[in-house]
Amino acid sequence: MDSTKDVQAELDSVEAKLEVVELQIAELLKKQASLTSKKKQLLGRLEEPCDSTQPSGPAMTKQELLRYEKDDFSWSTKLKQNLKDVFQLSKFRPLQLKAINLSMSGKDLFLVMPTGRGKSLCYQLPAVCSEGFTLVVTPLVSLMEDQLMYLKSIDVEAVSLNASSSKEHAKMVLAEMTDTKAPFKLLYVTPEKIAKSKLLMSRLEKAYNAGRLSRIAVDEVHCCSQWGHDFRPDYKLLGILKRQFPKVPLLGLTATATSSVLKDCQKILCVPEPITLTASFNRTNLYYEVRLKDSNSDDSISDISTLIKERYKDQSGIVYVFSQKDAETVSADLQKKGLNASPYHANMNPEDKSQVHRKWATNKIQVVVATVAFGMGIDKADVRFVIHHTISKSIENYYQESGRAGRDDKPADCIVYFGFNDIFRISTMVVMENVGQQKLLTMVDYCQNVDRCRRSVIAVHFDEVWKDEGCNEMCDVCRHGNDYITVDITQHAKDLVQIVELAGSLDEKLTPLKVTETWMGKGPAKRRKMIQTTTLSRLEVEAIITSLLLQGYLSEDFSFTPYTTYFYLKLGRKAPLLKNQSHSITMKMRRTGLDANTVKVSQVKTKGKRSGVNAANSPVTKKVKKDL
Ligand SMILES: Nc1ncnc2c1ncn2[C@H]1C[C@H](O)[C@@H](COP(=O)(O)OP(=O)(O)OP(=O)(O)O)O1
Ligand SMILES: [Mg+2]
Ligand SMILES: [Zn+2]
């Protein structure tokens, strides 16, 4: 007996020590987060003098970089003339001239510029102004075709080689590569061609030796990195280009790459010292907003259709959805409500897809209800709204998708409908992707966030130094200011942990829906007696579970069958901390509606008052801070 007691005592003591260690870990993690953010800020300040231009390779002073904004180079007159005569543009957009001059000077360059800002011109214009041809590596044949069509329309000779090129066409292109009289200025290829076609590489070698390979452009360069979204294994082999043709300047272009992605690209492409030019991610004309979506109803469709009819009457836009099926159903629902909408997804036949695209581009269709297949290469200037019926799978994706709005620099809106169940629908899709889950959670954090400017969340995500006045009330958070409260959710967390633990002890796994319903008292009567249920509204319950997921008190668990992936909730790494009486958890919740139109959010407020999110009415939720 005695020995059992001793063992128990020792166990208690070890458990107590473990708790202390876990607390220390939590503290250290917090400290790490704050130091990392401080580090980013300081690095930002160091780079600030270069005016959002961050040379990551050879040290280039601000003065030296300024030099590339000038127009007294030997090629400057030709540039100006071709900009006007060939491209029919009157002036450069920010960073274009600098990028072009650097590339014309033979420098290797990474150009990070938001979607739709005009990256293509930065290699198309130098191609037209240089001898020989520019090799352009592009991830999608459709992108290639768009560019060829555009170049043809302005009389710039360009050719392509891809898997669907005919033998005769390939033979002609390969022959012309070394022909000094060959007229083409740009050769578009897929990374697969570079990786697989020895013949192409040997012709490039010949062209290089003959001085005809003037430049290499790698479009969507983030595809090289396994940390970038849209990772493509064949991009990994592109290092061969710089190894074989070291004297040819390389230009990598992307709309979405963090500094770690760029470092990875630099290594993969074997570019020793590229200069990195980063244009600001701040699209000042875009208004960012998040609306809550009730998992229980299809009200979001009514909301979206009212919004389009009232706010965007006769204006062009995109509604992004999660799946092909959603594209069909949401489009049909909007049509039923009298809107001129059409679906677009990868499973449609090519003619239908291009017909939808064409009709939308010429304003014969007002709204395209699309999956992400309606993506790269969509270049319509007057898109006034991009509505996400379902959240994107990452901030990078969101930035790119929403960035299709307002390319004409006039005001446009980017609105996300954020629904609890959607998190898990996407989760099962990204679970096999490298860091897919982590990226999804950053998107969820963007949506759940009520106290940080949405632009700042995007900017910080892309490692951009952010000044708060940069928003100008062009996001819902800034517009609605201090309209949130910080609530203590420690007891809620304990209740939820108890539910998950109890299921575990019964050898059961609970889906997020089951956890929600069990906590709301909808489980079996026997089970209800063993747990603490809640009177909070469904939206509040979902917000709390989401917050606990983001904070690491709950986490995701998957089980795979040959047919589907199931998603469950399990205890997160921080759950044991709840055993400590002094440990507390808070979350921020919006107090009133986002705006008059946001019915769902106002419900949180009214229900919250009745059911206990507001401190005054609830014994378990304590208002910590108000109006920060
Ligand atoms: N200097 C300029 N003045 C006016 N329009 C311009 C200028 N440069 C480019 N554009 C137009 C041409 C295109 O219609 C549009 C988008 O250009 P594009 O090169 O396709 O964008 P991008 O490559 O940066 O975007 P994405 O990331 O979506 O590929 O901008
Ligand atoms: Mg582009
Ligand atoms: Zn803001």
Side-chain angles (χ1 to χ4, degrees), residues 115-116 120 136-154 156-170 172-173 186-197 219-220 223 229-235 255 316-335 339-383 386 388-390 392-393 397 400-401 403-404 407 429:
T115 175
S120 325
V136 186
V137 184
T138 306
L140 300 174
V141 176
S142 64
L143 269 183
M144 214 177 259
E145 285 168 352
D146 282 353
Q147 295 236 346
L148 289 181
M149 217 157 67
Y150 165 69
L151 291 169
K152 197 168 170 200
S153 77
I154 56 167
V156 172
E157 296 273 354
V159 290
S160 71
L161 281 178
N162 58 54
S164 52
S165 304
S166 69
K167 267 198 181 131
E168 295 72 47
H169 175 77
M172 180 202 74
V173 172
L186 295 114
L187 165 60
Y188 284 82
V189 296
T190 50
E192 285 73 15
K193 268 276 154 203
I194 301 279
K196 297 201 174 82
S197 171
D219 207 359
E220 313 291 346
C223 293
H229 68 121
D230 302 334
F231 171 59
R232 291 268 296 274
D234 277 309
Y235 264 84
S316 191
I318 308 173
V319 174
Y320 275 110
V321 293
F322 169 71
S323 64
Q324 298 178 355
K325 189 163 160 264
D326 284 0
E328 301 281 352
T329 55
V330 171
S331 170
D333 288 346
L334 292 180
Q335 282 168 9
L339 282 165
N340 184 2
S342 278
Y344 186 107
H345 56 73
N347 212 18
M348 283 162 52
N349 70 47
E351 296 92 79
D352 289 348
K353 276 197 285 193
S354 62
Q355 195 186 31
V356 171
H357 188 176
R358 214 174 34 248
K359 282 190 170 171
W360 178 73
T362 50
N363 295 326
K364 293 193 180 80
I365 290 173
Q366 186 190 5
V367 192
V368 177
V369 182
T371 61
V372 290
F374 196 61
M376 288 195 233
I378 301 300
D379 181 28
K380 187 175 197 293
D382 61 351
V383 176
V386 173
H388 276 74
H389 174 260
T390 309
S392 304
K393 64 176 186 172
N397 280 64
Q400 192 143 20
E401 287 150 21
R404 305 211 160 92
R407 288 187 174 212
M429 178 179 80

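Numbers here are sequence positions counted from 1. Heavy-atom basis, side chains included; hydrogens, waters and symmetry copies ignored.
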Please name the pair of heavy atoms, one in [X] and one in [Y], separated by the smallest distance, quoted to 0.1 Å.
| X | Y | value |
| --- | --- | --- |
| V383 | R404 | CB-O, 3.4 Å |
| A327 | P343 | O-CB, 3.6 Å |
| Y320 | V372 | CE2-CA, 4.3 Å |
| S160 | H169 | O-NE2, 2.8 Å |
| M348 | V356 | CE-CG2, 4.0 Å |

Checklist line | Flag for N363-K380: side-chain donor and acceptor within less than 3.5 Å | finding: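 K380 vs N363: donor-acceptor pair found between side chains.
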Next item on the list: Scan side-chain atoms only and decide if S342 and W360 contain a donor-acceptor pair under the 3.5 Å cut-off.
Entry: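 The criterion, which ignores hydrogens and geometry beyond distance, is not satisfied for W360 and S342.
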Determine whether a donor-acceptor pair (N or O, by modelled atom type, separation under 3.5 Å) exists between the side chain of [X] and the backbone of [Y].
| X | Y | value |
| --- | --- | --- |
| D234 | A195 | no |
| Q366 | S316 | no |
| S197 | I194 | no |
| T371 | A373 | yes |

Next item on the list: Could you give me the CA-CA distance, side-chain angles and deciding distance for L187 and V173, then say whether side-chain contact (heavy atoms from CB on, under 4.5 Å) is met?
Entry: CA-CA 9 Å; L187 165 60; V173 172; 3.8 Å; yes
Check: Could you go step by step and tell me if E220 and L140 meet the side-chain contact (heavy atoms from CB on, under 4.5 Å) rule?
Finding: CA-CA 10 Å; E220 313 291 346; L140 300 174; over 6 Å; no
Checklist line | Plane angle bin for H357 and Y344 - parallel if under 30°, tilted between 30 and 60°, otherwise perpendicular | finding: perpendicular
Checklist line | Option passing side-chain contact (heavy atoms from CB on, under 4.5 Å) with H345 (candidates K325, K353, E328) | finding: E328
Check: Per the side-chain contact (heavy atoms from CB on, under 4.5 Å) rule, which among V137, T138, D219 passes with Y188?
Finding: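 Answer to the side-chain contact (heavy atoms from CB on, under 4.5 Å) test with Y188 among V137, T138, D219: T138.
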Checklist line | Ionic contact status for E192 with R232, cut-off 4.0 Å | finding: yes
